[in-house]
Student: 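My questions all concern the structure below.
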Number of protein chains: 2
Amino acid sequence: MEVQSALAALAALAQETRLAVFRHLVEAGPEGMTVGRIGEALQVPAATLSFHLKELSHAGLVTGRQESRFIWYSANYEAMNGLIAYLTENCCRGQPDACGVGCTPAPKSTAAKRKKVPA
Amino acid sequence: MEVQSALAALAALAQETRLAVFRHLVEAGPEGMTVGRIGEALQVPAATLSFHLKELSHAGLVTGRQESRFIWYSANYEAMNGLIAYLTENCCRGQPDACGVGCTPAPKSTAAKRKKVPA
DNA sequence: TCCATAATTCCATAATTATGGAATTATTGA
DNA sequence: TCAATAATTCCATAATTATGGAATTATGGA
């Protein structure tokens, strides 16, 4: 990933509504969601949502596909992973063991959080 | 990670100089670098660098420790990993296999890139 | 063709952010 | 105490960005 695309992606995500939209789409999976459903879920006016979707789209973080009267937006997982790779690239000069807490994104908490069960 | 800290981190990284500083510190390891060395390496005027270090620091992405006349700044690896976890949280509703290219940041390209050797 | 629905563009206003020279504030060694 | 170096704060200017109602542009069903 080039510095300019990383910057575009970060700027796109650095806004409350867009971050929420993106995370929603990451969660939704490759099929994605229609603009209407996104706006409903997040309570965002259509014009505002359209503006933010365009920003995310320009940054390469989401893509839309027209399907009949609807546009389905979905997360671009490759871009997401590319951004993460860019941020962590060459962490500790490739000696991650020397990095204390580590250069690795922890045990990958993909699933929703679960309350810790007391012993 | 809370939405507000994620937003702060993303906003901090969404700026060319700060992104360069952060990646430089990620690469530098836990010891970090002095302000002077950073400015030298990236060719940034002191006042500008100071401003950006403050932003990164407020966002929790770096920390400075005074040591004699110098301030050593280092990346906060925990914050970095927290941000990544926040972005990928509950990816594909916890069924990453259904996600095509995947919810996982690829084979972890920590080390510097190497040219692929032709077969 | 006409109507209803989906989504985008237009636009003015408001708010936030980056820049870097000059002045200022630490910190240390002599 | 004084001088030298490290880093930050101050400040005015310039530039970018978010908001959402109203108008506009697809798209498909009747």
Side-chain angles (χ1 to χ4, degrees), chain A residues 3-25 28 31-76, chain B residues 3-25 28 31-76:
Chain A
V3 57
Q4 288 310 322
S5 12
L7 278 171
L10 289 164
L13 292 173
Q15 201 283 337
E16 189 159 13
T17 302
R18 286 197 296 264
L19 182 56
V21 168
F22 180 73
R23 298 217 316 151
H24 225 74
L25 291 177
E31 179 180 73
M33 294 171 74
T34 64
V35 178
R37 294 252 311 113
I38 300 171
E40 228 171 74
L42 304 179
Q43 290 293 298
V44 181
T48 304
L49 182 54
S50 210
F51 169 77
H52 289 307
L53 283 170
K54 191 169 74 174
E55 296 288 306
L56 285 169
S57 173
H58 278 165
L61 287 168
V62 307
T63 50
R65 60 177 202 285
Q66 181 108 26
E67 203 157 289
S68 147
R69 238 183 309 192
F70 302 83
I71 297 179
W72 291 76
Y73 277 92
S74 50
N76 182 345
Chain B
V3 56
Q4 288 310 323
S5 11
L7 277 170
L10 289 164
L13 292 173
Q15 202 282 338
E16 189 158 14
T17 302
R18 287 196 297 264
L19 183 56
V21 168
F22 180 73
R23 297 216 318 151
H24 224 75
L25 291 178
E31 180 180 72
M33 296 171 74
T34 64
V35 178
R37 294 252 311 113
I38 300 171
E40 227 172 74
L42 304 180
Q43 290 294 297
V44 181
T48 303
L49 181 55
S50 211
F51 168 76
H52 289 308
L53 283 170
K54 192 170 73 175
E55 296 287 305
L56 285 168
S57 174
H58 278 165
L61 287 169
V62 307
T63 50
R65 59 177 204 286
Q66 181 108 26
E67 203 157 290
S68 146
R69 238 183 310 190
F70 301 83
I71 297 180
W72 291 76
Y73 277 92
S74 50
N76 181 345

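Order of the sequence lines sets the chain letters (A, B, ...), proteins ahead of strands, with each chain counted from 1. When reading the values below, keep in mind they use all heavy atoms of this one structure, side chains included, and skip hydrogens, waters and symmetry mates. Model, not experiment: these values are computed from the prediction.
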Student: What is the distance, to the nearest angstrom, from the NZ atom on A:K54 to the C1' atom on C:dA7?
Tutor: 12 Å
Student: Write down the distance between CD (B:E16) and P (C:dG20), rounded to a whole number of angstrom.
Tutor: 12 Å
Student: Has the side chain of A:R18 got a donor or acceptor atom that lies under 3.5 Å from a matching backbone atom of A:L13?
Tutor: no
Student: Using a 4.5 Å cut-off on heavy atoms from C-beta on, say whether the side chain of B:L25 contacts that of B:Y73.
Tutor: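 The answer is yes; the side chains approach within 4.5 Å.
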Student: Can you see which heavy atom on A:A59 is nearest to which on A:A8, and at what distance?
Tutor: CB-O, 3.5 Å
Student: Kindly give the atom pairs (protein nitrogen or oxygen, nucleotide nitrogen or oxygen) under 3.5 Å for nucleotides 13-19 of chain C.
Tutor:
unit_1 : atom_1 : unit_2 : atom_2 : d
C:dA18 : OP1    : B:R18  : NH1    : 3.1
C:dA18 : OP1    : B:R18  : NH2    : 2.6
C:dT19 : OP2    : B:H52  : NE2    : 2.4

Student: Taking all heavy atoms of B:T34 and all of B:W72, pick out the closest pair and write down the distance.
Tutor: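 That closest heavy-atom pairing would be CG2-CE2, 3.5 Å.
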Student: Please state how far atom CG in B:L53 lies from atom P in D:dA6, giving the value in whole angstrom units.
Tutor: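 Taking atom P of D:dA6 as the reference, CG of B:L53 is at 16 Å.
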Student: Using heavy atoms and a sub-4.0 Å distance, could you list which residues of residues 60-73 of chain B are near DNA chain D? By number, please.
Tutor: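 Output list: B:R69, B:F70, B:I71, B:Y73.
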Student: Just by distance, do the side chain of B:N76 and the backbone of B:V62 share a donor-acceptor pair under 3.5 Å?
Tutor: no
Student: Report the C-alpha separation of A:E16 and B:L7 in whole Å, then their side-chain angles, then the decisive distance to 0.1 Å, and conclude whether the side-chain contact (heavy atoms from CB on, under 4.5 Å) test is met.
Tutor: CA-CA 7 Å; A:E16 189 159 13; B:L7 277 170; 3.8 Å; yes
Student: Treating B:R65 as the side-chain partner and B:E31 as the backbone partner, does any N or O pair qualify as donor plus acceptor under 3.5 Å?
Tutor: yes
Student: Could you pull out the closest heavy-atom pair between A:V44 and A:L49, with the gap in Å?
Tutor: CG1-N, 3.7 Å
Student: In whole Å, I'd like the distance from the CZ atom of B:R37 to the C1' atom of D:dT5.
Tutor: 17 Å
Student: Tell me the interatomic distance from B:E40, atom CD, to D:dT5, atom C1', rounded to whole angstroms.
Tutor: 14 Å
Student: Which base, if any, makes a Watson-Crick or G-U wobble pair with C:dC11, both distances under 3.5 Å?
Tutor: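 WC or wobble partner is D:dG20.
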